[in-house]
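Reviewing the structure listed below.
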Amino acid sequence: MNYLPKITLAQLPTPLHGMPNLARSLEFSGKLYIKRDDLTGLAAGGNKSRKLEYLMYDVLKQGADTVITTGGLQSNHCTQTIAACKKLNLACHVVLSGKEPETFNGNLLLDLLAGATVHYAEHRSERDGQMLALAEDLRSRGRKPYVIPLGGSNALGTVGYVMAMPEAVRQLELMSIDCDRMIVASSSGATLAGMVLGAKMTGFKGRITGISIDRVATGEEAFPPELADLANRAAALLGLDISLSPDDFELEYGYLGEGYAVVGDNERNAVRLLAQTEGLFVGPVYTGRALGATIDCIRKGKWKNETLLFWHTGDTAALFDYGEALVTT
Ligand SMILES: *Cc1c(COP(=O)(O)O)cnc(C)c1O
């Protein structure tokens with residue numbers, strides 16, 4: 001395989017440790033571990049840091065002076081991208097879906113503190129068009145923009161999570177943990193696609209379960225073909241002789257709740273239970289939903305006696321914009 005060049009933005013390896021109190025409180029017959037990708041150390045941390053190590057290398061290589069990317073109002077991806085840009089002396093524009101709020105909290109507060117130029121797109125479907133128009137405008141004014149897609153999910157971003165697998169597998173070996181299943185929140189796809197490809201690359205024998213945050217299994221917007229395509233394009237970049245099909249991706253689709261970034265009982269209860277048993281915090285949009293799904297599957301006896309590794313992909317800064325939804329009196 002080819003090792004692709006990257007720049008260092010994340011503190012790696014991230015810690016991996018047990019969650020015995022949570023396991024006990026669920027009367028779980030198996031074991032529970034957590035991989036702390038919330039502690040990557042870029043802005044408030046999270047999974048986008050690993051992707052950005054490869055993406056930002058390419059930004060510099062292309063000689064760009066401005067990065068444009070997109071996400072939701074509380075996008076972790078946008079905040080980490082902005083932080084990376086500041087560190088590398090690049091300008092950064094973000095297109096956030098939603099209306100400009102009256103107060104600035106959580107990730108959006110960090111975005112503004114770091115001096116990003118924030119644009120708002122009323123509808124999600126307008127984001128890509130707005131990014132292209134912005135790039136065109138910057139180019140006409142002599143700038144060199146570089147567009148990073150939603151969530152940093154292209155082939156290069158996927159490589160970040162392919163390379164996370166040897167790191168995790170090595171930690172599991174050193175700690176003598178026989179991991180049956182890794183669980184991770186999945187939305188724009190590169191994280192799960194990279195992990196499944198990385199599992200094949202390293203010979204990891206356990207399963208990998210994605211928790212869909214806002215994606216569906218079938219129809220025109222079907223997620224698995226997209227995941228396979230991302231993984232296969234990353235495999236080509238890495239010179240790996242591995243080919244994945246949509247069937248290689250195992251996801252739970254039953255936890256979409258009331259929609260993207262809407263906190264319900266599932267998220268609220270998971271955030272609170274983890275905080276109250278382990279003193280750890282998951283976020284409202286991604287990791288709270290994914291941990292809630294994990295807890296539900298455990299309670300339904302789905303993963304009896306298994307050793308589970310939950311990937312904490314970040315999202316904790318977003319908590320500060322969800323106080324009302326998370327604390328009920
Ligand atoms: C973006 C994000 C995810 C999903 O990762 P994808 O690569 O977009 O599928 C999961 N958790 C958090 C905290 C995220 O910000």
Side-chain angles (χ1 to χ4, degrees), residues 10 14 34-40 42-55 69-83 94 96-97 106-108 110-111 124 148-165 182-198 208-216 223-224 226-231 234 249 251-253 255-256 260-261 263 267 270-271 274 280-294 310-319 321-322:
T14 57
I34 187 166
K35 174 71 170 155
R36 301 292 304 278
D37 273 15
D38 58 320
L39 298 180
T40 55
L42 182 66
N47 61 336
K48 304 312 181 303
S49 310
R50 290 187 191 266
K51 306 180 187 183
L52 286 164
E53 292 200 313
Y54 291 91
L55 290 163
T69 196
T70 191
L73 269 188
Q74 283 296 328
S75 168
N76 303 298
H77 164 65
C78 288
T79 306
Q80 286 164 79
T81 302
I82 292 162
V94 293
L96 305 182
S97 50
N107 280 311
L108 181 54
L110 303 183
D111 299 348
R124 286 179 108 176
I148 294 179
L150 179 75
S153 282
N154 56 17
L156 208 47
T158 302
V159 169
Y161 269 86
V162 178
M163 303 313 289
M165 284 302 287
M182 295 182 181
I183 300 160
V184 68
S186 186
S187 175
S188 66
T191 304
L192 180 61
M195 285 173 64
V196 171
L197 176 59
I208 297 182
T209 300
I211 308 295
S212 172
I213 298 303
D214 58 349
R215 305 300 302 269
V216 293
F223 198 21
E226 231 179 273
L227 290 164
D229 183 56
L230 275 174
F249 296 89
L251 287 109
E252 297 287 339
Y253 293 97
Y255 301 92
L256 307 182
Y260 178 79
V263 166
E267 295 78 27
V271 168
L274 184 67
L280 293 176
F281 297 91
V282 281
V285 180
Y286 296 92
T287 41
R289 181 162 288 183
L291 185 66
T294 303
F310 180 83
W311 283 65
H312 189 331
T313 46
D315 200 28
T316 44
L319 282 173
D321 197 33
Y322 280 82

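In this chain, numbering begins with 1 at the start of the sequence shown. Basis for what follows: all heavy atoms, side chains included, without hydrogens, waters or symmetry-related copies. Atoms within a ligand are numbered from 1 in the order they appear, just like the ligands themselves. Predicted model only: the values in this text are computed from it and were never measured.
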Using the rule side-chain contact (heavy atoms from CB on, under 4.5 Å), only one of Asn107, Leu319, Leu96, Asp111 pairs with Gln74; which is it? Asn107
Check Ile211, Thr287, Thr191 against Val184 for a side-chain contact (heavy atoms from CB on, under 4.5 Å) and give me the one that passes. Thr191
At less than 4.0 angstrom from any non-hydrogen atom of [X], what atoms of ligand 1 do you find?
| X | value |
| --- | --- |
| Thr191 | 5 (O), 6 (P), 7 (O) |
| Ala185 | 4 (C), 10 (C) |
| Ser186 | 9 (O) |

Could you tell me whether the side chain of Thr79 and the main chain of Ser75 form a donor-acceptor pair under 3.5 Å? yes
Is it the case that the side chain of Asp315 and the backbone of Tyr286 share a donor-acceptor pair, with hydrogens and angles ignored and the cut-off at 3.5 Å? yes
Do Val94 and Thr70 have side chains that approach each other closer than 4.5 Å (heavy atoms only, starting at C-beta)? no
State, yes or no, whether a side-chain contact exists between Ile183 and Trp311 at a heavy-atom distance under 4.5 Å. no
Please say whether [X] places an N or O atom under 3.5 Å from an N or O atom belonging to ligand 1.
| X | value |
| --- | --- |
| Asn76 | yes |
| His77 | no |
| Asp315 | no |

Of all the non-hydrogen atoms in the protein, which one sits nearest to [atom], and at what distance?
| atom | answer |
| --- | --- |
| atom 13 (C) of ligand 1 | Thr313 O, 3.3 Å |
| atom 1 (C) of ligand 1 | Lys48 NZ, 1.5 Å |
| atom 8 (O) of ligand 1 | Ser188 OG, 2.5 Å |

Minimum heavy-atom distance between Ser186 and Phe223, given as atom pair plus value: OG-CE2, 3.2 Å
Please determine, by modelled atom types, if Thr81 and Lys48 share a side-chain donor-acceptor pair under 3.5 angstrom. no
No-hydrogen, no-angle side-chain donor-acceptor test under 3.5 Å, Thr313 and Asp37: no
Could you check whether any heavy atom of [X] sits closer than 4.0 Å to an atom of ligand 1, since that is the contact criterion I want to use?
| X | answer |
| --- | --- |
| Ser187 | yes |
| Gly151 | no |
| Gly46 | no |
| Asn47 | yes |

Mode of Lys51 contact toward ligand 1 - side chain, backbone, both, neither (heavy atoms, under 4.0 Å): side chain
